[in-house]
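Here the structure is laid out as structure tokens; the discussion comes afterwards.
Values reported hereafter were calculated over all heavy atoms of this structure, with side chains retained and with hydrogens, waters and symmetry mates removed. Heads up: numbering here begins at 1 and tracks the sequence.
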Amino acid sequence: QLAVPFLQKIGVDQECHKKAVADLGGLISSATNMAFSIEMYLKTLRLMSGLSVPQTHDLWVLFKHLPEQLKNALSNQYEHLKSLSPPEAIQALQILMTPTEKQNLKDDFDKNDEKRRLDNSLKGVIKRNKSAFENWRYIYEQEEMDRAYTLHYDYVCLSLIVKSFETIIQPQTTKRA
């Protein structure tokens with residue numbers, strides 16, 4: 001995975017946000033590649049399940065119609081991996097993008113998103129990051145840079161999702177070979 005070197009570099013300590021911002025290119029590349037990896041895994045799972053693959057980057061659209069048995073297996077594997085991490089290690093980055101440095105930053109964080117950010121279930125993380133690829137990939141092409149906006153990178157949970165997908169897909173692809 002292309003995101004791994006950056007994730008190893010920033011770690012999960014209390015200084016991870018400083019390390020991430022110090023390497024903004026690494027942050028953007030990592031978030032974009034992580035989201036794209038999950039998108040490709042979801043599209044692969046859809047194909048393996050006999051489902052059509054819509055032309056979308058929306059992770060929730062790709063996930064929500066997977067067979068229930070598969071969603072449960074993915075969720076169980078994800079929860080198992082998450083349980084192996086101490087709660088304080090389940091971190092995310094929230095980056096505030098502003099057109100000027102003098103903008104009142106305190107009022108611009110997305111306060112309505114507080115409850116969703118607390119849901120670290122597989123479904124919650126996928127829903128929260130459903131547009132992650134487009135948000136991070138096209139960060140430099142934002143049309144409305146006249147106002148501040150936030151970007152979230154649930155790097156620990158997204159990493160666990162990728163590992164869960166790898167674990168579930170590997171035995172299935174071995175059977176077909």
Are W136 and Y153 close enough, and set up right, to give a side-chain contact (heavy atoms from CB on, under 4.5 Å), and what steps lead you there?
CA-CA 9 Å; W136 287 100; Y153 184 23; 3.8 Å; yes

Salt bridge (Lys or Arg N to Asp or Glu O under 4.0 Å) partners for R137, two or more places apart
E141

Under the salt bridge (Lys or Arg N to Asp or Glu O under 4.0 Å) test, which residues partner K123, sequence neighbours left out?
none

Less than 4.5 Å apart, any side-chain heavy atom of K127 and any of F63?
no

Using 0.5 Å steps for rounding, measure from the CG atom of L45 to the CD1 atom of I38.
11.5 Å

Would you mind listing every salt bridge (Lys or Arg N to Asp or Glu O under 4.0 Å) that reaches into residues 72-87, with sequence neighbours excluded?
E79-K82

Decide whether V61 and M40 are clustered together by the hydrophobic rule: side chain heavy atoms of Ile, Leu, Val, Met, Phe, Trp, Tyr closer than 4.5 Å, transitively.
no

Point-to-point distance, once rounded to the nearest 0.5 Å, from OG1 of T32 to OH of Y138:
9.5 Å

CA sep, side-chain torsions, deciding dist, call: L70, L74, side-chain contact (heavy atoms from CB on, under 4.5 Å):
CA-CA 6 Å; L70 179 56; L74 291 166; 4.1 Å; yes

Applying salt bridge (Lys or Arg N to Asp or Glu O under 4.0 Å) to K71 and not counting sequence neighbours gives E68

Provide the closest heavy-atom pair for K43 versus V53 in the form atom of the first, atom of the second, distance.
CG-CG1, 3.5 Å

Side chain proximity check, V125 to Y78, heavy atoms < 4.5 angstrom
yes

If we only count heavy atoms from C-beta on, is the H65 to R46 side-chain gap below 4.5 Å?
yes

L42 side chain near L66 side chain, heavy-atom distance below 4.5 Å:
yes

Kindly write out the residues that satisfy salt bridge (Lys or Arg N to Asp or Glu O under 4.0 Å) with K130, not counting sequence neighbours, or none if the list is empty.
none

Output yes when a side-chain donor or acceptor of S131 lies under 3.5 Å from a complementary backbone atom of E134, and no otherwise.
no

Rounded to the nearest 0.5 Å, what separation is found between the CD1 atom of I161 and the OG atom of S37?
11.5 Å

Within the structure provided, determine whether L93 and I10 are in side-chain contact (heavy-atom separation under 4.5 Å).
yes

Please report the interatomic distance NE2(H80) to CD(Q77), rounded to the nearest 0.5 Å.
6.0 Å

same_hphob_cluster(L24, M34) at 4.5 Å side-chain heavy-atom cutoff:
yes

Inter-residue atom distance C157.SG - L81.CG, 0.5 Å rounding:
11.0 Å

So, taking the atom named CG in L158 and the one named CG in N129, what distance separates them when rounded to the nearest 0.5 Å?
4.5 Å

Heavy atoms, side chains only, cut-off 4.5 Å: are F6 and N33 in contact?
no

Using the ring-ring contact (aromatic ring centres under 6.0 Å, His included) criterion, which residues pair with F133? Sequence neighbours excluded.
F36, H57

